[in-house]
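Each ligand, and each atom within it, is numbered from 1 in the order the structure gives.
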Amino acid sequence: MTTEASASLISDESNPVYAKTSALENISKAAATNTKGLNSDVQELRNRQNVFAEDLHGDDVSRTGIKALLGKNKQAQKEAVAKYLKHWDGLTDKEAEEKRLADYNESTHSYYNVVTDFYEYGWGTSFHFSRYYKGENFQQATARHEHYLAHQAGIEDGDLVLDVGCGVGGPAREIARFTNCNVIGLNNNDYQIKKANYYAKKFGLQDQMRFVKGDFMNMDFEPNTFDKVYAIEATCHAPELEGVYGEIYKVLKPNGVFAVYEWVMTDKYDETNEEHRKIAYDIEVGDGIPKMFSRKTALDALTNVGFEILKQEDLAKTDDPIPWYYPLSGDWKYVQTLGDLGTFFRTSFIGRTITTNALKLMEKIGLAPPGSVDVANSLEAAAVGLVAGGEKGLFTPMMLFVCRKPAN
Ligand SMILES: C[S@@+](CC[C@H](N)C(=O)[O-])C[C@H]1O[C@@H](n2cnc3c(N)ncnc32)[C@H](O)[C@@H]1O
């Protein structure tokens, strides 16, 4: 649908699309204008992040991957990398952890400012892992993993759904097509929000979704707004899980369902074991996560805020024929189709090494913005930690929790 055609539908009150788009418009506008009245520090932080993102990325969000990376404002990129790596000094004592927890908002914002183009280059527009089956290509697996969550959440035609930590909207677009629901995507990264809104328009889904700025620890939506809420590999960025789950509980309608693929350390993880802690630290530093929590902490947090647990299952089954971490581990035998060779090559150890070396050269001659190699090195630490965590069964990126907000 053209933008003009869509605009005329939006202004035609007799058309069913009108009701849908105006509801989305009202919710996203209310969130953007902060009807709740944010305190001035939060408002100031948001304005600053928005201006910074404009400086760093410029106006054109249609560029992706390496092309987008090379188009950054070099001074701003240097600043963004410094902000992200500020608290990552290799320490895991209480004081070091507390600094990272306190700075979760700026730190995660900076992390996604510097990795979004790398993610799109290596992975696509859905920033998550999936279960992989024999004969199924990477994109099918990604979509199936999203469909499964939508199915578990019971998302239906016409539902108003919140995607918490929506990335550039890959899952929202897939779930909206799969179920015909309407989605609000919440994100604290301004660059990703612009990209998500751009892609929604590009793929003709602008009547079904809006992407808005906000902190999932302090949401701007009215209580009891959404029929369903889902989150994919995003709430692990929270400094404490009760905060984000409590906000989700608040904005869900009574009887509404929340389904999440959570990143957690499994019951095998021992925080006092140095090797285990190193694996968790690599995941934290390389993925911009202030602190990895355990499965039990996540479960307790969900029940403490009032959710009734309908289902919990770690989908990272160790006996799956193809492990979820294979795109990072460099096992060519798991690649299922010729079409996946490109993705696998970019995400595998060899591909990552080639990218890092190319960036080294480009950074040296001033083509790539300063700090690009530091970012590639952090992503390398993440890959090492994720594969080790997966192989040893200490970590899962797909702890599925399905929960209901009770009617009363
Ligand atoms: C690994 S990405 C996953 C994105 C998306 N769910 C997907 O699967 O493509 C994590 C997302 O959480 C968002 N995020 C992190 N901290 C946030 C916060 N405090 N409030 C809102 N969004 C946040 C990030 O900006 C990013 O979009």
Side-chain angles (χ1 to χ4, degrees), residues 31 38 42 45-46 49-50 53 57 80 84 100-120 122-130 139 141-150 153 161-176 183-197 199-200 209 211-221 229-241 243-248 251 258-263 283-284 286-292 324 379 382-383 386 397-398:
L38 289 178
V42 177
L45 176 71
R46 284 191 183 189
Q49 288 180 340
N50 188 26
H57 306 286
Y84 152 47
R100 294 197 277 269
L101 291 166
D103 197 34
Y104 78 93
N105 190 314
E106 271 283 60
S107 175
T108 313
H109 186 260
S110 306
Y111 174 77
Y112 283 104
N113 268 341
V114 295
V115 301
T116 298
D117 300 317
F118 281 92
Y119 274 29
E120 282 201 55
W123 211 258
T125 58
S126 285
F127 299 163
H128 60 79
F129 291 99
S130 306
Q139 279 185 347
T142 304
R144 181 187 33 70
H145 200 62
E146 292 161 0
H147 297 169
Y148 186 68
L149 191 69
V161 178
L162 177 66
D163 178 337
V164 178
C166 60
V168 296
R173 292 192 297 280
E174 189 56 44
I175 288 174
V183 185
I184 295 277
L186 175 69
N187 198 332
N188 80 335
N189 185 275
D190 306 78
Y191 181 50
Q192 292 192 344
I193 295 163
K194 268 196 177 168
K195 286 208 141 207
N197 280 318
Y199 287 132
M209 56 190 64
F211 298 91
V212 298
K213 168 87 173 176
D215 178 2
F216 56 42
M217 297 295 287
N218 185 13
M219 294 189 192
D220 302 310
F221 311 112
V229 178
Y230 70 86
I232 304 183
E233 303 187 14
T235 40
C236 53
H237 289 288
E240 53 109 17
L241 290 172
V244 60
Y245 293 160
E247 289 292 287
I248 290 169
V251 301
F258 167 49
V260 56
Y261 288 140
E262 194 56 274
W263 276 33
I283 296 173
E284 291 165 0
D287 291 288
I289 294 171
K291 168 91 183 146
M292 279 301 305
W324 60 264
L379 292 175
L386 290 165
M398 47 188 83

When you compare ligand 1 with [X], is there at least one nitrogen or oxygen pair between them that comes in under 3.5 angstrom?
X	answer
Phe127	yes
Asp215	yes
Val164	no
Gly167	yes

Would you kindly specify which portion of [X] sits under 4.0 Å from ligand 1, judged on non-hydrogen atoms: side chain, backbone, both or neither?
X	answer
Cys166	backbone
His237	side chain
Phe216	both

In terms of its nearest heavy atom to atom 22 (N) of ligand 1, the top option of Asn188, Thr108, Asp287, Asn105 is Asn188
Using distance alone, with no hydrogens and no angle criterion, decide if Tyr119 and Gln192 have a side-chain donor and acceptor under 3.5 Å apart.
no
Answer yes if the side chains of Tyr191 and Asp117 hold a donor-acceptor pair under 3.5 Å, and no otherwise.
yes
Considering all heavy atoms of both residues, which atom of Thr108 and which atom of Gly288 are nearest to each other, and what is their separation?
OG1-O, 3.9 Å
Quick one: does [X] get a heavy atom under 4.0 Å from ligand 1?
X	result
Gly214	yes
Glu233	yes
Gly170	no

Which ligand 1 atoms does [X] reach within 4.0 Å, using its non-hydrogen atoms?
X	answer
Ser126	9 (O)
His128	8 (O)
Pro171	7 (C), 8 (O), 9 (O)

Report the nearest protein non-hydrogen atom to [atom]: residue, atom name, distance rounded to 0.1 Å.
atom	result
atom 3 (C) of ligand 1	Ile232 O, 3.6 Å
atom 26 (C) of ligand 1	Gln192 OE1, 3.4 Å
atom 10 (C) of ligand 1	Tyr112 OH, 3.3 Å
atom 5 (C) of ligand 1	Gly165 O, 3.3 Å
atom 25 (O) of ligand 1	Asn187 OD1, 2.7 Å

Test item: Asn189 side-chain N/O and His109 main-chain N/O as donor-acceptor pair under 3.5 Å:
yes
Heavy-atom donor-acceptor pair, Glu174 side chain to Ala143 backbone, under 3.5 Å
no
ring-ring contact (aromatic ring centres under 6.0 Å, His included) test vs His237 passes for just one of Phe127, Tyr112, Trp263, namely Tyr112
Kindly check if the number of other-residue, nucleotide or ligand heavy atoms within 6.0 Å of CD (Glu240) is above 12?
yes
